[in-house]
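For reference, the structure discussed in these notes is given below.
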There are 2 protein chains.
Amino acid sequence: MELRQLRYFIKAAELSNFTEAANALFISQSTLSQQIQQLENELKTPLFDRIAKRVRLTEAGKLFLPAARKTIRDGEDGKQLLKDLNELTAGTLAIGLTYGLSDLVIKSLKIFTDNYPKILVQVIYGTPDGLIEFLSEGRIDFLLSFISHQHSPIFESILLFESKLSLIVSGNHPMAKKTNIRLSDISALPLALPVTNFSIREFLDLALARQQLLLDIRLEANDINILLQLADAGTWCTILMASSIFNFPNLKAIPITGKEMVRQATITWPKDTYRKTATRTFIDIIQIQASNQVFA
Amino acid sequence: MELRQLRYFIKAAELSNFTEAANALFISQSTLSQQIQQLENELKTPLFDRIAKRVRLTEAGKLFLPAARKTIRDGEDGKQLLKDLNELTAGTLAIGLTYGLSDLVIKSLKIFTDNYPKILVQVIYGTPDGLIEFLSEGRIDFLLSFISHQHSPIFESILLFESKLSLIVSGNHPMAKKTNIRLSDISALPLALPVTNFSIREFLDLALARQQLLLDIRLEANDINILLQLADAGTWCTILMASSIFNFPNLKAIPITGKEMVRQATITWPKDTYRKTATRTFIDIIQIQASNQVFA
DNA sequence: ATTCCATGATCGAATTTACCGATTAATAAC
DNA sequence: GTTATTAATCGGTAAATTCGATCATGGAAT
């Protein structure tokens, strides 16, 4: 039994006429006749009475017709489901996110969910390593981070924007007026920094090692918001990407000079897997947002 | 999209492994791979992520899987419906019946409905002509009557039993002791007979005309039961088939002599149409009942 | 009655499709 | 590296679908 046969049967039952049904189906009458017979053979039940020059549904045929219709309809429903999914009216979108890119995502999310309210969006914060793992497992659809995987065999990345490593200080901090600063100028400041397994910290530590500098680290936290609040209160300064302070109007990001101090925000997804429309659409949105945004 | 492809997809989704799925489906791995691709093309949506050496459902695939299962299940349900119908656990049986054969049907019905309680039985009384019309229209499945259609091109008949036209009298009637009677002996009796469009009346009138006899007809009725009750009360006699008096133990049927006075009870159904199991089964039962029954 | 028309079944041929086996490519595990 | 596993691909074959033509039947028109 195949859907084709059910489609033929339904049309023939509706028209009670094989010739007309065949025309409506754009097949020959002989084809229709044969396919109906084949269906009847498989069901071991005649579906039509062949009386004189017209056909009429048998009782079995009458019973089978609604069942056949239902089967066809279910098949169509399945197709529609996928169509809806591609048209962003259903489904989920799981976004992996490292600290420091929240602002961009939040702005983009507003645009996305306004246009596609039926998509369930999941925002998963994590470390780059952990999120890469999630990406492999298919638990997130893509990943926003400052780590590029442009040369990976299994991941693909595109650049969103560049952001400079910056000293984050409160607006009334003595250094708040500076437009840029050298890494060596910071060494005297008491700092609150992310813990060492955060990628920004790894990035910073690498630069410090290269320049053979040490910093006055007074506090470590595994939460960027805490660091920002501490800076906002004027207690300590911190070092983060310039793009991290969007939520704190009182804070100032003073870019640290040096071309190695620039990090690239990227979107990463698994190579050679289907990217659903929700993913592609969201990435489009986030790219536009990124290009509109101006970071130091 | 065909059910075959859905079956393949479901198995592959369940096993997350094309090779195993192909084995389970008794097809080659290449066939499975191709059919899945074909389905994906039609849906314009990849259903599996091909990552490294194993496949994994895409979100679209996860969404589509229950829909595919439902479609398959509905198809199976349709088949089961017909199976049930053939196995007499569902469906209807519409019996056309002329007056005079009720007793046989009622006895057979009891056996039938005891064994197949889910079959809805419809008993349609009518005149032979009307019932033949119903048979043509498919409103009844078969017809019990004293009219044979053994030589009709569109109807088929089998003989159930023979019954003699009889004078029906109350047990205390002067003639009740007779074992048979000639038609000419009846002409003096006041009679209550079926109306002229009843087939038994047509049959009787034909015989009377042949023998150039007239009867003393005092009453006509279009209901056999009324005639039987009148006879039972001793008011009048009537002429019916011997098989009609089963419900009236006080009545006696005195066969009328002459070979033309024998009528054949038959079952008739349309030639060359599917006879459902309910029909075939009921006919079997009624044939057995008829052979067990002894009529004058 | 006879002819004509409409309809479904059937037949043979052509086309399409499903299927298989062998091979290739990719990758994970050793 | 090497091996084993797995899915994709290719070419060929068998099967199924489809078509056109024809046949058989029954109803309608004449």
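Note on naming: letters A, B, ... go to the chains in the order of the sequence lines (proteins, then strands), and numbering restarts at 1 for each one. Values reported hereafter were calculated over all heavy atoms of this structure, with side chains retained and with hydrogens, waters and symmetry mates removed.
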Using whole Å, what does the distance between atom P of nucleotide C/dT27 and atom CG of B/Asp49 come to?
14 Å

Roughly how many Å is it from CE in A/Met1 to P in D/dA16, rounded to a whole number?
18 Å

If an axis is fit to five pairs at each end of the helix from C/dA1-D/dT30 to C/dC30-D/dG1, what is the angle between the two, to the nearest 10°?
30°

Test of understanding: with salt bridge (Lys or Arg N to Asp or Glu O under 4.0 Å), list the residues that count as partners of B/Asp205, not counting sequence neighbours.
B/Arg201

Categorize B/Gln38 for me: base, sugar-phosphate, or nothing, with a 4.0 angstrom heavy-atom threshold over every strand shown.
sugar-phosphate

Return each pair, listed once, that meets salt bridge (charged side-chain N to carboxylate O under 4.0 Å, His left out) where at least one residue sits in residues 82-100 of chain A; pairs must be two or more places apart or across chains.
none

Please report, rounded to the nearest Å, how far the P atom of D/dA7 is from the CG atom of B/Leu47.
15 Å

Run the side chain to side chain donor-acceptor pair (under 3.5 Å) test against B/Glu2 and tell me which residues pass, sequence neighbours left out.
A/Arg7

Using ring pair (Phe, Tyr, Trp, His ring centres under 6.0 Å) as the criterion, list what pairs up with A/Phe282, not counting sequence neighbours.
A/Phe112, A/Phe142

Keeping to residues at least two apart or across chains, list the ring pair (Phe, Tyr, Trp, His ring centres under 6.0 Å) pairs with something in residues 12-47 of chain A.
A/Phe18-A/Phe48

Here the residues of residues 3-17 of chain B within 4.0 Å heavy-atom distance, strictly under, of DNA chain C are B/Arg4, B/Tyr8

Rounded to the nearest Å, what distance is computed from the CG atom of residue B/Asn23 to the P atom of nucleotide D/dT6?
10 Å

Quick one: ring pair (Phe, Tyr, Trp, His ring centres under 6.0 Å) partners of B/Phe146, sequence neighbours excluded?
none

Without decimals, in angstroms, what is the distance between A/Glu20 CD and C/dG8 C1'?
13 Å

Starting at atom CG of A/Asn41, determine the distance to atom P of C/dA9, rounded to an integer number of angstrom.
12 Å

Closest to the A/Gln35 side chain: D/dA7, C/dA18, D/dT18?
D/dT18

In the structure I gave you, are the side-chain heavy atoms of A/Ile200 and A/Met241 within less than 4.5 Å of one another anywhere?
yes

Close side-chain approach of A/Arg73 to A/Glu76, heavy-atom, < 4.5 Å
no

With sequence neighbours excluded, residues passing salt bridge (Lys or Arg N to Asp or Glu O under 4.0 Å) with B/Arg210
none

Quick one: which protein N/O atoms are closer than 3.5 Å to N/O atoms of nucleotides 20-22 of chain C? Pair and distance per line, please.
unit_1	atom_1	unit_2	atom_2	d
C/dC20	OP2	B/Ser28	N	2.5
C/dC20	OP2	B/Ser28	OG	3.3
C/dC20	OP2	B/Thr31	OG1	3.1
C/dC20	N4	B/Gln34	NE2	3.0
C/dG21	O6	B/Ser30	OG	2.9

Which residues share a side chain to side chain donor-acceptor pair (under 3.5 Å) with B/Ser28, sequence neighbours left out
B/Ser30, B/Thr31

Which residues pass the side chain to side chain donor-acceptor pair (under 3.5 Å) test with A/Glu42, sequence neighbours left out?
B/Lys79

Whole-Å distance, A/Leu25 CG to C/dG8 C1', equals 16 Å

For the pair made of CD1 in A/Ile36 and C1' in C/dT10, what is the distance, rounded to whole Å?
16 Å

